[in-house]
Amino acid sequence: MTNKRRILIVGGGTAGWLTAAYLAKALKLSERSQLEVTLLESPDISTVGVGEGTFPTIRNTLQYLGIDEARFIRATAATLKQGIRFVDWAHAPEAGRRHAFFHPFEAPYFAEDLNLVPYWLLQDEAVRAPFAEAMTLQARVAAAHRAPKRAGEAGYAAPLNYAYHFDAHKLARLLADRARELGVRHEAGTVSAVQLDAQGAIAHIDTDRQQRFEADLFIDCSGFRAELIGRALGSPFKSARGQLFADRALACKVPLGDEAVMESCTIATAHEAGWLWEIGLNGARGVGCVYSSSHISDDRAAELLQAYCGARAEDLGLRSIPFAPGYREQQWVKNCVAIGLSAGFLEPLEATGLVLIEAAVGMVAEMLPHSGPMHAPARRFNELMTARFDNIINFLKLHYALSRRPEPFWRDNIAPATLPERLAGLLEEWRLRPPGRFDFVLDTETFAFFNYQYILYGMGYPTDLSAGRDDFPRVDDAAKVFAKIQRYAERAVADLPSHRALIQQINAAR
């Protein structure tokens with residue numbers, strides 16, 4: 001044995017290459033001759049990647065990795081994402097009328113000494129503006145198909161918060177290039193055997209190319225196969241199917257015409273047994289149908305997707321993606337840590353997949369000891385990741401639990417037995433007060449209290465403050481602030497470029 005510290009990442013794709021690039025950067029790989037980071041990628045196994053959406057944290061990650069934003073946008077067919085528009089979630093379409101609400105990335109407008117939320121809740125429901133439109137200018141900017149920034153502004157900076165839509169395969173290639181630039185060694189091969197030592201840790205990995213890899217830390221980025229954490233180490237999988245019923249997705253890409261609107265938000269449209277996503281890329285739309293196989297057949301899901309796209313199913317090139325919602329409570333076992341789909345997957349609603357990868361690799365980079373056993377941080381890592389998965393389950397379930405749709409899928413979703421205990425308790429509290437910052441522990445949360453507010457009040461949740469109306473006497477002051485938000489929104493719509501124009505300008509400046 002030598003003093004060299006060796007990290008082996010098994011699996012490529014977004015999870016593997018993001019992990020490799022991040023660790024190389026964080027651990028200063030290029031400056032440490034005694035550190036080695038290797039990524040083993042199978043040329044025979046394809047990744048799940050489709051058109052994907054992200055959360056605003058990805059901007060910090062890409063900037064940290066030293067990837068220029070314009071380069072990223074051009075290389076991945078990316079567009080900008082300002083939030084999610086939910087259609088038909090509160091109730092099914094009736095007589096041509098459809099309900100929609102917006103979940104923006106921008107936090108509600110902050111007034112120094114005036115909390116606007118109670119004043120919005122106490123307004124007349126029949127005439128008040130939708131919550132997101134009343135509380136932030138981003139709702140109107142996105143509705144007008146404006147970009148969240150101007151072309152001359154610095155990379156990753158903008159007056160409004162945003163993330164991206166991108167082609168996942170192209171992102172993996174970009175991250176691979178950056179990881180290699182940072183000193184990561186790339187090896188090709190498919191795992192054929194995993195040998196454990198007497199203590200149950202991984203001793204080495206063999207491949208179909210007669211290679212043998214030894215390491216101090218093995219990182220499982222092998223996707224749903226969970227080659228190391230599941231098959232070799234047997235870490236149990238905790239199902240979330242009792243709370244989240246969706247377990248299938250059909251995905252495809254359809255062309256985006258030159259004159260078509262380029263949305264700067266994900267569109268999530270509810271259907272009888274799940275929902276459809278629409279993600280605008282540069283030149284195409286990524287479209288998919290998420291559904292519960294217990295409630296509709298695969299053929300019915302294909303019909304729903306076909307009707308949404310307005311094309312024949314055989315012309316769409318549908319990809320079927322079965323998944324088991326849930327996670328491994330022990331994601332770090334001995335000298336192996338799982339990141340990405342091997343650690344768990346819930347469903348693509350609210351774009352939590354990449355967020356979980358970012359959180360996991362950030363913790364690995366910070367917790368990894370410079371000497372001694374590599375499994376030392378496992379207990380703390382597992383506690384934090386388990387809490388994060390559980391909290392995301394709560395947030396995703398919130399979208400379903402408030403629906404008034406009549407179909408069996410939606411009725412099953414509001415059954416009390418399917419509600420996580422913590423979410424049920426919070427919903428009871430929120431009947432008499434809005435969500436607040438003390439409801440959540442930030443280190444284990446992906447979503448802040450105001451994200452819950454956007455979903456609750458977008459879906460029409462009844463928080464009753466009428467008994468405390470006298471505690472909120474500054475109605476006129478609040479009205480002035482609400483009017484100011486609307487003026488700012490009008491100015492932003494006038495001043496910001498169209499989303500399509502900005503993306504075209506970035507791609508033209510090569």
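Just so you know, these numbers use all the heavy atoms, side chains as well, and skip hydrogens, waters and symmetry mates.
Counting only residues at least two apart or on different chains, the ring-ring contact (aromatic ring centres under 6.0 Å, His included) pairs with a member in residues 173-218 are Trp17-His186. Every pair tested for salt bridge (charged side-chain N to carboxylate O under 4.0 Å, His left out) that includes a residue from residues 12-32 fails, sequence neighbours excluded, so the list is empty. The salt bridge (charged side-chain N to carboxylate O under 4.0 Å, His left out) analysis of residues 440-452, with sequence neighbours excluded, yields no pairs.
Put simply, the side chain of Ser235 never gets that close to the backbone of Arg328: no donor and acceptor are under 3.5 Å apart. Looking at Ser292, its side chain never comes within 3.5 Å of a backbone N or O of Ala246 through a donor-acceptor pair. Under the 3.5 Å distance criterion, the side-chain polar atoms of Ser192 are matched with a main-chain donor or acceptor of Asp206. For the pair Gln243 (side chain) and Asn394 (backbone), a donor-acceptor distance under 3.5 Å is absent. A donor-acceptor pair under 3.5 Å is formed between the side chain of Gln138 and the backbone N or O of Phe105. A donor-acceptor contact shorter than 3.5 Å is absent between the side chain of His165 and the backbone of Ala77. A donor-acceptor pair under 3.5 Å is absent between the side-chain atoms of Thr76 and the main chain of Leu171, judged by distance alone. In terms of modelled atom types and a separation under 3.5 Å, the side chain of Thr386 and the main chain of Glu329 share a donor-acceptor contact.
When only modelled atom types and interatomic distance are considered, Ser222 and Arg231 share no side-chain donor-acceptor pair under 3.5 Å. Ser264 and Arg146 share no donor-acceptor pair across their side chains, judged by distance under 3.5 Å alone. No donor-acceptor contact under 3.5 angstrom links the side chains of Asp299 and Ser297, judged on distance only.
Looking at residues two or more places apart in sequence or on another chain, you find no side chain to side chain contact (heavy atoms under 4.5 Å, CB included) involving Ala284. With sequence neighbours excluded, the residues satisfying side chain to side chain contact (heavy atoms under 4.5 Å, CB included) with Arg178 are Ile67, Glu181, Leu182. For Ser320, the side chain to side chain contact (heavy atoms under 4.5 Å, CB included) criterion is met by Leu250, Pro322, not counting sequence neighbours. Residues satisfying the side-chain hydrogen bond (donor to acceptor under 3.5 Å, both in side chains) criterion with Arg74, sequence neighbours excluded, are absent altogether. Partners of Ala360 by side chain to side chain contact (heavy atoms under 4.5 Å, CB included), not counting sequence neighbours, listed by chain and number: Ile339, Phe381, Met385. Here His103 pairs with Glu350, Asn451 under the side-chain hydrogen bond (donor to acceptor under 3.5 Å, both in side chains) rule; sequence neighbours left out. For the side-chain hydrogen bond (donor to acceptor under 3.5 Å, both in side chains) test, residues two or more places apart in sequence or in another chain that qualify with Glu347 are Trp275, Tyr400. Qualifying side-chain hydrogen bond (donor to acceptor under 3.5 Å, both in side chains) partners for Glu153, counting only residues two or more places apart in sequence or in other chains: Arg150.
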Which donor-acceptor pairs under 3.5 Å do the side chains of residues 371-380 make with protein atoms, sequence neighbours left out?
| unit_1 | atom_1 | unit_2 | atom_2 | d |
| --- | --- | --- | --- | --- |
| Arg379 | NH1 | Glu383 | OE2 | 3.0 |
| Arg380 | NH1 | Glu383 | OE1 | 3.1 |

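Summarising the geometry of Phe102 relative to Ala132, their closest heavy-atom pair is O-CB, 3.4 Å, with the distance given to 0.1 Å. For the pair Gly12 and Glu41, the tightest heavy-atom approach, listed with the atom from each and the gap, is CA-OE2, 3.7 Å. Considering all non-hydrogen atoms of both residues, Ala351 and Lys81 come closest at CB-NZ, 3.6 Å. Closest approach of Arg209 and Pro43 over heavy atoms only: NH2-CG, 3.2 Å. Closest approach of Leu305 and Gly288 over heavy atoms only: CD1-C, 3.9 Å. The two residues Ala215 and Asn335 come nearest to each other via the heavy atoms O-ND2, 4.2 Å.
Remark: Phe55 CZ to Tyr162 OH distance equals 15.0 Å, nearest 0.5 Å. To the nearest 0.5 Å, atom CD1 of residue Ile7 and atom CG of residue Leu23 are 5.5 Å apart. Atom CG of Asp220 and atom CG of Leu233 lie 8.5 Å apart (nearest 0.5 Å). The CZ atom of Arg5 sits 11.0 Å away from the CD atom of Gln34 when rounded to the nearest 0.5 Å. Within the model, atoms CD1 of Ile229 and NZ of Lys334 stand 12.0 Å from one another, a figure rounded to the nearest 0.5 Å. Note that CG of Leu276 and CD1 of Ile267 are 11.0 Å apart. Values are rounded to the nearest 0.5 Å.
Ring geometry for Phe86 versus His399: interplanar angle of 30 to 60°, hence tilted.
Annotation: cation-pi geometry satisfied between Lys397 and Phe245 (NZ/CZ under 6.0 angstrom from ring centroid, within 45° of ring axis).
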- What's the verdict on side chain to side chain contact (heavy atoms under 4.5 Å, CB included) for Leu18 and Leu65, showing C-alpha distance, side-chain angles and the deciding distance? CA-CA 9 Å; Leu18 178 56; Leu65 294 178; 3.8 Å; yes
- Hey, mind stepping through Lys253 and Asp167 against salt bridge (charged side-chain N to carboxylate O under 4.0 Å, His left out) and telling me if it holds? CA-CA 10 Å; Lys253 280 185 182 177; Asp167 183 305; 2.5 Å; yes
- Task: Go through the steps to decide whether Phe345 and Phe224 satisfy the test ring-ring contact (aromatic ring centres under 6.0 Å, His included), and finish with yes or no.
- Result: CA-CA 9 Å; Phe345 182 74; Phe224 288 134; 5.8 Å; yes
- Task: Test side chain to side chain contact (heavy atoms under 4.5 Å, CB included) on Asp177 and Arg180 and set out the steps.
- Result: CA-CA 5 Å; Asp177 290 342; Arg180 286 188 286 260; 3.0 Å; yes
- Message: Is there a side-chain hydrogen bond (donor to acceptor under 3.5 Å, both in side chains) between Tyr156 and Asn60? Walk through the geometry before answering.
- Response: CA-CA 8 Å; Tyr156 303 112; Asn60 294 331; over 6 Å; no
- Message: Applying ring-ring contact (aromatic ring centres under 6.0 Å, His included) to Tyr454 and Phe101, what does each step give before you reach the verdict?
- Response: CA-CA 9 Å; Tyr454 285 131; Phe101 71 95; 9.4 Å; no
- Would Thr136 and Glu106 satisfy side-chain hydrogen bond (donor to acceptor under 3.5 Å, both in side chains), going step by step from the backbone distance to the final call? CA-CA 7 Å; Thr136 172; Glu106 192 73 10; 5.5 Å; no
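A salt bridge is defined here as a Lys NZ or Arg NE, NH1 or NH2 lying under 4.0 Å from an Asp or Glu carboxylate O, and Arg85 with Glu263 meets this definition.
Between Thr446 and Asn391 there is no side-chain heavy-atom pair separated by less than 4.5 Å. Looking at Phe395 and Ile455, their side chains come closer than 4.5 Å, going by heavy atoms from C-beta outward. A heavy-atom distance below 4.5 Å is found between the side chains of Val364 and Trp332.
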